[in-house]
There are 2 protein chains.
Amino acid sequence: MSDIFFISIFDTNYNMFSKASEYGIRAAIHLAHLSKKGERCSLRQVAKAIDSPVAFTAKVLQLLARDGIIVSFQGPTGGYEIPKESLSLVHLSDIVKAIDGDSIYNGCGLGLESCNEKKPCPLHFQFKSIRDELKEMLQTTSVQELAKGLEYGMAFLKR
Amino acid sequence: MSDIFFISIFDTNYNMFSKASEYGIRAAIHLAHLSKKGERCSLRQVAKAIDSPVAFTAKVLQLLARDGIIVSFQGPTGGYEIPKESLSLVHLSDIVKAIDGDSIYNGCGLGLESCNEKKPCPLHFQFKSIRDELKEMLQTTSVQELAKGLEYGMAFLKR
DNA sequence: TGTAAATCGGATAATATCATCCAATATAAT
DNA sequence: ATTATATTGGATGATATTATCCGATTTACA
């Protein structure tokens, strides 16, 4: 019998990142894309560009602004930018950390609090390998680099 | 200023797996450990062994039983087992799939529905690399193998 | 100086996930 | 047959995450 007949109460969506982080990353890539051209972008424009809920995106952008990852301006002509000189310095790890904290660096795959190298859960080393690679990817991938994918229409940010 | 002064509304816990999957994996490892010795284990014993909420664990074990990953017995002397002959066949991917579905194989890292090889999001290929490794790890790691870690007290399942 | 356009920030609502409760069902043992 | 012990499954509650609303604040510009 096909799986679709089992409609489970647990049929969740698997997410590597939280929605907040997803929006944060997409927004930052869009801002990087525009900031390279010296353009500023308002909240509404960001939300439209990445197809995200406006008010929720505002919260996410606030967090990024507080952490100095992006810069916000109030008043008319206001909006968000990433300063050109910091464009190459903003990595995905900065964004995820600003939004979801750094539990990504600590957590046990099986949710065990006291799991560590000396007292590992059964999945510890297999999991560590994956997480280290994820961490490495986040720390070495800049939003500037990802924004390049937008330039020639090779990548997109909307559903 | 230190990060801890920013108490964000988004301060989430990063989880590679859902709680349901965490409990499912831990339970399956424990059952594998006992089943190897020919022992059956009741819901309460499982929950105690892996330090999980009893009723919630019941739901998770039901899902695993429905999918044929574990076998349940009702009545006195009832409980759960993994048949010895299937012990080496149960992989983490089976458990995660039974509980969280197979979105782990499809989802885009940035949450974009129409993201694929031909129309990739900016993070597509970096993300694919990580996910493929996670997938590979889940598909090749058996609960039997993980249960071995318990035998000499080298690993544990409680917090 | 007034006004309009923008972000900020607190409160609240909606949804998903995690967790519990309890009656129904199955079954081993007396 | 009866009883006690176990899983099953439906309903409900609690918490976390996602999303919205709206007044306050900032600021460019007429």
Side-chain angles (χ1 to χ4, degrees), chain A residues 6-24 26-27 31 39-48 50-67 69-81 96 99-101 103 107 111, chain B residues 6-24 26-27 31 39-48 50-67 69-81 96 99-101 103 107 111:
Chain A
F6 292 110
I7 295 172
S8 152
I9 62 166
F10 290 127
D11 210 28
T12 66
N13 281 338
Y14 181 81
N15 289 321
M16 187 79 79
F17 306 114
S18 67
K19 271 291 172 207
S21 276
E22 281 181 10
Y23 296 147
R26 278 152 65 188
L31 289 176
E39 292 175 22
R40 189 177 291 175
C41 192
S42 77
L43 167 63
R44 273 164 205 293
Q45 290 172 320
V46 171
K48 189 171 185 184
I50 69 173
D51 193 21
S52 65
V54 176
F56 192 65
T57 305
K59 301 297 186 192
V60 173
L61 292 178
Q62 262 178 61
L63 288 179
L64 296 183
R66 276 187 205 160
D67 239 46
I69 293 169
I70 66 179
V71 180
S72 70
F73 298 89
Q74 287 188 219
T77 78
Y80 304 91
E81 328 174 337
V96 173
I99 296 169
D100 283 339
S103 54
Chain B
F6 292 111
I7 296 173
S8 151
I9 61 167
F10 290 127
D11 210 28
T12 67
N13 281 338
Y14 180 81
N15 290 321
M16 187 79 79
F17 306 114
S18 66
K19 270 294 173 205
S21 276
E22 281 180 12
Y23 297 146
R26 278 152 64 189
L31 289 176
E39 293 176 21
R40 190 177 289 174
C41 192
S42 76
L43 167 63
R44 273 165 205 293
Q45 290 172 320
V46 171
K48 189 171 185 184
I50 69 173
D51 193 22
S52 65
V54 177
F56 193 64
T57 305
K59 301 298 187 191
V60 173
L61 292 178
Q62 263 178 60
L63 288 179
L64 297 183
R66 275 187 205 161
D67 240 45
I69 294 168
I70 66 180
V71 179
S72 71
F73 298 90
Q74 287 188 216
T77 77
Y80 304 91
E81 323 175 341
V96 173
I99 296 170
D100 284 339
S103 53

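It should be emphasised that the depicted structure is a prediction, and the values quoted were computed from it without experimental measurement. Just so it is clear: chains get the letters A, B, ... in the order the sequence lines come, proteins before strands, and each one is counted from 1. Reckoned from all heavy atoms, side chains included, excluding hydrogens, waters and symmetry mates.
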Measure the angle between the two terminal helix axes of the helix from C:dT1-D:dA30 to C:dT30-D:dA1, five base pairs each, and quote it to 10°.
0°
Distance in angstrom units between A:Glu81 CD and C:dA6 P, rounded:
15 Å
Sequence neighbours left out, what passes side chain to side chain contact (heavy atoms under 4.5 Å, CB included) with B:Gln74? Give chain and number order.
none
Roughly how many Å is it from CZ in A:Phe56 to P in D:dC21, rounded to a whole number?
15 Å
Partners passing side chain to side chain donor-acceptor pair (under 3.5 Å) against B:Ser52 (at least two apart in sequence or in another chain)
B:Thr57
Where A:Gly24 and A:Leu64 come nearest, the two heavy atoms and their spacing
O-CD1, 4.0 Å
Kindly write out the residues that satisfy side chain to side chain donor-acceptor pair (under 3.5 Å) with A:Glu81, not counting sequence neighbours, or none if the list is empty.
A:Arg40
Partners meeting side chain to side chain contact (heavy atoms under 4.5 Å, CB included) with B:Glu39 (sequence neighbours left out)
B:Leu34, B:Lys37
Report yes if at least one side-chain N or O of B:Tyr23 is closer than 4.0 Å to OP1 or OP2 of C:dA19; otherwise report no.
yes
Minimum heavy-atom distance between B:Leu43 and B:Leu61, given as atom pair plus value
CD1-CD1, 3.9 Å
Got a sec, which residues hit ring-ring contact (aromatic ring centres under 6.0 Å, His included) with A:Tyr80, two or more places apart in sequence or on another chain?
none
Just how far, in rounded Å, is P of D:dT17 from CZ of A:Phe17?
16 Å
Can you pull out every salt bridge (Lys or Arg N to Asp or Glu O under 4.0 Å) where at least one residue sits in residues 15-24 of chain B? Sequence neighbours excluded, please.
B:Lys19-B:Glu22
Pairwise N/O distances under 3.5 Å, protein to nucleotides 5-9 of chain D:
residue : atom : partner : partner atom : Å
D:dT5   : O2   : B:Pro76 : N            : 3.4
D:dA6   : O4'  : B:Gly75 : O            : 3.2
D:dT7   : OP1  : B:Leu43 : N            : 2.4
D:dT8   : OP1  : B:Ser72 : OG           : 2.6
D:dT8   : OP2  : B:Tyr80 : OH           : 3.0
D:dG9   : OP2  : B:Gln62 : OE1          : 3.3
D:dG9   : OP2  : B:Arg66 : NH2          : 3.3
D:dG9   : N7   : B:Lys59 : NZ           : 3.3
D:dG9   : N7   : B:Gln62 : NE2          : 3.3

